[in-house]
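Submitted below is the structure of interest, expressed as structure tokens.
The analysis underlying the following values was restricted to heavy atoms, covering all of them including side chains, and did not include hydrogens, waters or symmetry mates.
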Amino acid sequence: MRENGPVTSATRQPETPAAALPPRLIATDLDGTLLRDDKSVSERTIAALAAAEEAGIEVFFVTGRPARWMDVVSDHVHGHGLAICGNGAAVVDLHGGPGAHRFVKVRELARENALDAVRLLREAAPGTVFAVEQTYGFYQEPAYPKLHMEIPDNLAPAERLLAPDAPGAGEPVLKILAFHHELDPDAFLTVARRAVGDRATITRSSPSALLEISGPGVSKASTLELCCAERGISPEEVVAFGDMPNDVEMLTWAGTSYAMGNAHPAVIAAASGRTVANNEDGVAVVIEKILAERL
């Protein structure tokens, strides 16, 4: 889902209107956006992020990743050091470094909603298998594939993992993950959204048929909006970057937004502009242009 299409360089964007207000905040996705495919942050990107913060522009990492996977950027936080994780389910202070992140805000998925989603998806897409992502724990069904480089804290059916007396029952559920071995990823997303309705927010960021299910109304966009409101920052003062369907709402909300050159078609349609691919440092290209225009 991340094949490169025709790309217009961010240094010349005739189809992108100039921002009405100078940007005060940059919101960027990580995988497929800020990170290169080898999960590294290039020296050019590191320099661009630091320059943005030095110029007084806040930088928010906005990702589907859980807090424990934020070590890829923990060395590159500046200023406030906050990140929006789990597709908006948590705001995390990264200053403590790997393993010592502090949860500033949690927008959990109620267990009854999660159980409803599991039941409805089992009916609508037989063969779906599940995992449960909590603030500090990760649990999965035995048939859920080893998609992540970690050992689950417990193996059991999702209904058991979400029970009132389950391991980690006192810990908030950030999202559940649903995987299907056979369905097309976009078709699976359509089926799931139709089946679950407003009981949860469903999106995807993986090239495989892996869905991410959060609480009703919880998304990158809605949590970013909350964080910006606390700072008196309007959507028109935000520049956002993304590449996959879980970025669509954020790119639509932000006053100025860029789809990466490797972006999903839905992301290209949602964004107001387009930059080069993640492996070509597309985020840094735009930041450099923004800072040059401020001189």
Transitive ILVMFWY cluster of Val218 at side-chain heavy atoms under 4.5 Å: who else is in it?
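Reading the cluster by chain and number, Val218 sits alone, since nothing else belongs.
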For a side-chain contact (heavy atoms from CB on, under 4.5 Å) check, start with the C-alpha distance between Val238 and Thr256, then their side-chain angles and the critical distance, and finish with the verdict.
CA-CA 6 Å; Val238 176; Thr256 303; over 6 Å; no
Test salt bridge (charged side-chain N to carboxylate O under 4.0 Å, His left out) on Arg160 and Asp165; report intermediate values, then the result.
CA-CA 9 Å; Arg160 175 59 191 148; Asp165 59 346; 2.6 Å; yes
Is there a donor-acceptor pair closer than 3.5 Å between any side-chain N or O of Asp93 and the backbone N or O of Val104?
no
Out of Thr28, Asp243, Asp247, which residue meets the side-chain hydrogen bond (donor to acceptor under 3.5 Å, both in side chains) rule with Thr33?
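With Thr33 as partner, side-chain hydrogen bond (donor to acceptor under 3.5 Å, both in side chains) holds for just one option, Asp243.
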Determine the minimum heavy-atom distance between Ser222 and Gly217, stating which atoms define it.
OG-O, 2.8 Å
Can you check whether Asp186's main-chain N or O pairs, donor with acceptor, with Thr190's side chain at less than 3.5 Å?
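Such a contact is found between Thr190 side chain and Asp186 backbone.
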Atom of Ile287, atom of Ala48 and distance for their closest heavy-atom approach
CG2-O, 3.5 Å
How long is the straight-line distance from CD of Glu212 back to CD1 of Ile202, given to the nearest 0.5 Å?
11.0 Å
Just verifying a value: how many Å separate Arg107 CZ and Leu226 CG, rounded to the nearest 0.5 Å?
5.0 Å
Working to the nearest 0.5 angstrom, can you tell me the gap between Lys289 NZ and Thr275 OG1?
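Here the rounded value is 10.0 Å.
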Using the six-membered ring wherever Trp is involved, compare the ring planes of Tyr136 and Phe103 and label them parallel, tilted or perpendicular (cut-offs 30° and 60°).
perpendicular
Determine whether Arg24 and Glu58 make a side-chain contact, defined as any pair of heavy atoms from C-beta on separated by less than 4.5 Å.
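No, too far: nothing below the 4.5 Å cut-off.
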If we only count heavy atoms from C-beta on, is the Lys220 to Val62 side-chain gap below 4.5 Å?
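Yes, their side chains come closer than 4.5 Å.
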Between CG of Leu34 and NZ of Lys39, what distance do you get to the nearest 0.5 Å?
11.5 Å
If you look at every heavy atom in Ala143 and His181, which pair is closest and at what distance?
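Looking at all heavy atoms of both residues, the shortest contact is O-NE2, 4.1 Å.
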Which atom of Leu35 lies closest to which atom of Asn278, heavy atoms considered:
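So the minimum-distance heavy-atom pair works out to O-ND2, 3.0 Å.
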Is any side-chain heavy atom of Met250 less than 4.5 Å from a side-chain heavy atom of Ser219?
no
Kindly indicate whether the side chain of Leu82, heavy atoms from C-beta on, has any atom under 4.5 Å from the side chain of Phe60.
yes
List in chain and number order the residues that pass side chain to side chain donor-acceptor pair (under 3.5 Å) with Glu225, two or more places apart in sequence or in another chain; answer none if no residue qualifies.
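Expected list: none.
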Under the side chain to side chain donor-acceptor pair (under 3.5 Å) rule, collect the residues that match up with Glu141, sequence neighbours excluded.
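For Glu141, the residues satisfying side chain to side chain donor-acceptor pair (under 3.5 Å) (neighbours in sequence not counted) are Arg122.
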Close side-chain approach of Ile176 and Val118, heavy atoms under 4.5 Å
yes
Other residues, nucleotides, ligands: >12 heavy atoms within 6.0 Å of Glu171 CD
yes
In this structure, are over 12 heavy atoms from other groups packed under 6.0 Å from Glu123 atom CD?
yes
Write down the atom of Asn113, the atom of Arg199, and the distance for their closest heavy-atom approach.
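Scanning both residues completely, I find the closest heavy atoms to be ND2-O, 2.7 Å.
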Report the distance from atom CG of Leu30 to atom CE of Met70, rounding to the nearest 0.5 Å.
5.0 Å
pair Pro164-Arg111: side-chain heavy atoms closer than 4.5 Å
no
Tell me the closest heavy-atom pair linking Met260 and Val276, and the distance in Å.
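Heavy-atom minimum between the residues: CE-O, 3.4 Å.
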Would you check if Thr128 and Phe188 make a side-chain contact, meaning some heavy-atom pair closer than 4.5 Å?
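In contact.
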